[in-house]
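Below is one structure, written out as structure tokens; comments come after it.
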Amino acid sequence: MSGRDQTGTGAPLLEVRDLVVHHGQLRALSGISLAVYPGEVYALIGANGAGKSTLLRTIAGLHRPTSGTISYDGRDVTGLRPEKRAGAGIVMVPEGRRLFPTLSLEDNLKVGASYARPGPWTIDRVLELFPWMKERRRQRASQMSGGEQQSVAIGRALVANPRLLLLDELSLGLAPVIVQRIYATLPQVLESGITVLLVEQDVSQALRAATHLQCLLEGHTTLQGTPAEVTREQVEAAYFGVTDGNGVSPASHGGTTPLSPPNGIDA
Ligand code: ATP
């Protein structure tokens, strides 16, 4: 269940304020703010190059922001090294999975367990979550399908016992049926007390899974709200940066328009 504060009393698990990030001369994020509450599935959507991965990686500590702050569990972690953030429970499943291809499935899971915090997730519990893994634990990661590798990458992150799980483009390159199977495991992840911040290019998928979402366009927030608040037209405008034919720019959207379900906008 979402812990989003409706009353003004709850505290976010993650709070990002006015984040600006550059890659060299390129300004990839221009003042992004967000708050993720315990128990939420917060989705970042947007087209290629919008800045979604940059935002997730900056939260994980892999990019240093030019300005702005990142608070986690009430503590400013903006300057904290990535491994310290992982130790505090911010764990990422990176785009492209980044498994060790020559290691077995089980050894890839052990990599995650090697820097684990105490918590409910063990290798055995991951094997319960993805039962097909039991028979395949000695198989090399490189011999697995994309969907299987994605599941191993999720399992590796889970055995580290995150409090905040960052998922970057889970569905990239996978068939819809496989994506649905992977997303079907999310309720069990949430039930174990993990909060999820994910990047998803497939808007329909994001809206099905998310309790809250934010759309980025060229490094700006163009829309945010709950899936129940959004319209297809608002999402399209936010995603592509156009409204009533006038070519609305990302900056002119300002960032806090509420939205409602778009029923299938695919990137
Ligand atoms: P995608 O879905 O294509 O990954 P995205 O929304 O995740 O898109 P980012 O990958 O964050 O977007 O990229 C935002 C901008 O920053 C893009 O213009 C991209 O080319 C640029 N960029 C990202 N990473 C780097 C990097 N390491 N060095 C230079 N430029 C980068």
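The residues of the chain are indexed from 1 along the displayed sequence. Each ligand, and each atom within it, is numbered from 1 in the order the structure gives.
The closest side-chain donor-acceptor pair between Asp76 and Thr78 falls under 3.5 angstrom. Between the side chains of Ser53 and Glu169, no donor N or O sits under 3.5 Å from an acceptor N or O.
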**Item:** Evaluation steps, side chain to side chain contact (heavy atoms under 4.5 Å, CB included), between Met144 and Arg136
**Value:** CA-CA 9 Å; Met144 296 182 169; Arg136 312 266 301 276; 4.2 Å; yes

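The minimum heavy-atom distance linking Ile182 with Gly147 is given by the pair CD1-O, 3.7 Å. Of all the heavy atoms in His212 and Thr226, the pair that sits closest is ND1-CG2, 4.0 Å.
Taken from CE in Met133 to CD in Glu128, the straight-line distance is 12.0 Å, to the nearest 0.5 Å.
At a 4.0 Å heavy-atom cut-off, the residues surrounding ligand 1 are His23, Leu26, Ala28, Ala47, Asn48, Gly49, Ala50, Gly51, Lys52, Ser53, Thr54, Glu95, Glu169, Gln201, listed by chain and number.
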